[in-house]
2 protein chains.
Amino acid sequence: MAAELDGRKKKILQAVIRNYLETGEPVGSRTISKYTDLNLSSATIRNEMSDLEELGYIIQPHTSAGRIPTDQAYRLYVDSMMEEKDREIGELKEMLLEAENKVDKVLKNVAKVLANNTNYATVVSAPQIRGNKLKFLQLSRVDENQILAVIVVEGNVIRNEMISVDEPLTDEMLLKLNILLNTHLTGLSIDEINLGMITALKEQAGIHSDLISTVLDAVAEAIRGEEDLEIYTSGANNFFKYPELADNEKASELIGTFEEKKALAKLATENLADEQNTGIQVYIGEESPIKAMKDCSVVTATYELEEGMRGSIAIIGPKRMDYEKVVASLKTMKDELERIYNRRKEADPDG
Amino acid sequence: MAAELDGRKKKILQAVIRNYLETGEPVGSRTISKYTDLNLSSATIRNEMSDLEELGYIIQPHTSAGRIPTDQAYRLYVDSMMEEKDREIGELKEMLLEAENKVDKVLKNVAKVLANNTNYATVVSAPQIRGNKLKFLQLSRVDENQILAVIVVEGNVIRNEMISVDEPLTDEMLLKLNILLNTHLTGLSIDEINLGMITALKEQAGIHSDLISTVLDAVAEAIRGEEDLEIYTSGANNFFKYPELADNEKASELIGTFEEKKALAKLATENLADEQNTGIQVYIGEESPIKAMKDCSVVTATYELEEGMRGSIAIIGPKRMDYEKVVASLKTMKDELERIYNRRKEADPDG
DNA sequence: GTTAGCACTCTTTTTAGTTGAGTGCTAACA
DNA sequence: TGTTAGCACTCAACTAAAAAGAGTGCTAAC
């Protein structure tokens, strides 16, 4: 199986795929005979198609139907037959700028714009920070028995924790705790905060050791970024545009999965785990990290806003998706996101 | 139209509605004849049904079909024919407790649990604060040219704003600004922060008046709570369980709307606007505040966690939804939410 | 190696016929 | 006067059969 294809077979297979991407209908020999510039009769095409079927690139849904591409054919197409598409997607960029300087809004927008533009469903994950350190920590009294802990982690991830205390803390105590925590914790990563240190901190805090516990938990969560990976989705109803996904059972499953952000997080983590990967990844059918998407193709891109702050963008559609367009759109978005960030960081420091 | 119904007509109408709620199929005279304890023949029922049709309570989808209730009938049913259902929904409560002390997680859970329990779609809006005041404001230096503004509004809504500054602020300056802002702004509502005060503040801040602007904007947004109303949804795929909503066109529209949190926010604002309303609201068909839900019924409840902190829970399903159960579930959830809050506030101050 | 032609297959569409649920109306009955 | 049995009628839903259409595989000729 999967032997090398000669030039003509390649051309024919490509034509079959292209045509099927457009129409979603099985494509017959006569169509190809006209579609390509090979000037071959349908009979010849039939012979070739017969070969392609034997090689596992196309199948017939039933005896007297045309052929449709197999996952193997899509794989070949994506890997080596796809042409770089012009990225004319100027409007994508414009729509991004609206959202000014709020990362979460920009990402929400990315999801929406991509979904509108491609007619597929999109999943965008907020940048996740790994192996980073505590940058800033402060306890403040908000009222008599409420203390606000503000935690900032490298990458400017901010976390707030409101802590109730039975007995009001004096100003001195608060100051003391602040100094204590900062001198011991600032600049440390999660691995460097060990049990011995925690015990020491608690001892020094005396009757307020509970407070320390709560703060430390919050610090740990903030550093790990475990809280919950923010996921933005858009275009779930685009599934309905493709009959092969739109029947009740499949649509229901897809929509259900799409609602379950936790399941979608897999898409992000899958890609982000591979720190090298900064490119585009294509999952066809069963290759998908999410079972519910076995009838779909999933294309993901990884973006990097800053050292270590990486997130992912995914587009989910039918297997017969317009891979060229999707890949081009993803590249545009990825570049644009990274550009926006760089612009802000390098040229526009007072954002 | 809508004249008073005599007892028998009422009973028959109720039977028609009940039966239709269960089956979703038009119900015929013979069914009713057996369903009720009126001991009437189908012929008699037919006469009565004919009357009910003339009065606008039921219609025939086509000549030789049974009758289905109209919106008017549902209205009557919900207003006066519905029975209080026992609230046996103990598991709802248990599932809530998992989520400990994070309001957002609790609310996410509410949405999920309700959706699972009722088999309808749910929308939960986070509590919105109105007319509240600035409680706490603090600027801190995070690194040389980044200032973190932490803003706490009554009701413990916390907002962070990272502000870049060209020239590093000295410690004195920072202290001065903090005092300046706190003395002027703490305890004020949005209406009380007027232009004169802003100008005065900026003057006193000197070269850092830009900083003041940014902080004030953030304060204003925090107080208004305008940012974006958090909306949690669940059970979108439940729509597929009801054939009358599951055809591609309708499902697509519903799912699309369901994804558009902004549209859903209407549900919340609609109810919260009426400050008196702390009960259950039922929208049938066209009555719904959201056009896309014209074929659905929407039942909403308003919960109040604390003085002025009110949010809403909505359940969306087919018009033939199990109103008794939905109302009971909503009541349980509302009570439980309010109870959890009270427990925390009154009995467990260091939770 | 390529192509025209034809028989064959199998889905899709069309048509016609049948069934069944349910109604409205009439006439009889209590 | 209200109730009921009976019957003709309607119309969606189902079934079966027929026709159409798209496409193939194979063979024979070029």
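Proteins get letters first, then strands, A, B, ... in listed order; numbering begins at 1 in each.
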In plain terms, say whether [X] and [Y] are close enough for a salt bridge, that is, a side-chain N and a carboxylate O under 4.0 Å apart.
| X | Y | result |
| --- | --- | --- |
| A:Arg18 | A:Glu83 | yes |
| A:Glu244 | A:Arg320 | yes |
| B:Lys294 | B:Glu286 | no |
| B:Glu260 | B:Lys266 | no |

Helical stems, DNA chain D - three or more consecutive Watson-Crick or G-U wobble pairs below 3.5 Å: C:1-30 with D:1-30
How is [X] classified with respect to the nucleic acid when contacts are heavy atoms under 4.0 Å: base, sugar-phosphate, or nothing?
| X | answer |
| --- | --- |
| A:Ser42 | nothing |
| A:Thr63 | sugar-phosphate |
| B:Thr44 | base |
| B:Ala43 | base |

Close residues, residues 11-23 of chain A, relative to DNA chain C [heavy-atom separation under 4.0 Å]: none
Output field: ring centroids A:Tyr120/A:Phe239 closer than 6.0 Å: no
Toward the 5' end of DNA chain D, by each residue's nearest nucleotide, A:Pro26 or A:Asn47: A:Pro26
C:dC10 base / A:Ser64 side chain donor-acceptor hit below 3.5 Å: yes
To the nearest Å, give me how far apart [atom1] ([X]) and [atom2] ([N]) are.
| X | N | atom1 | atom2 | value |
| --- | --- | --- | --- | --- |
| B:Arg46 | C:dA21 | CZ | P | 14 Å |
| B:Glu25 | C:dA21 | CD | C1' | 11 Å |
| A:Ile45 | C:dG1 | CD1 | P | 16 Å |
| A:His62 | C:dT12 | NE2 | P | 6 Å |

Flag if over 12 foreign heavy atoms under 6.0 Å of NZ, B:Lys261: yes
DNA chain D: 5'-most and 3'-most nucleotides touching chain A, 4.0 angstrom heavy-atom criterion: D:dA22 to D:dC26
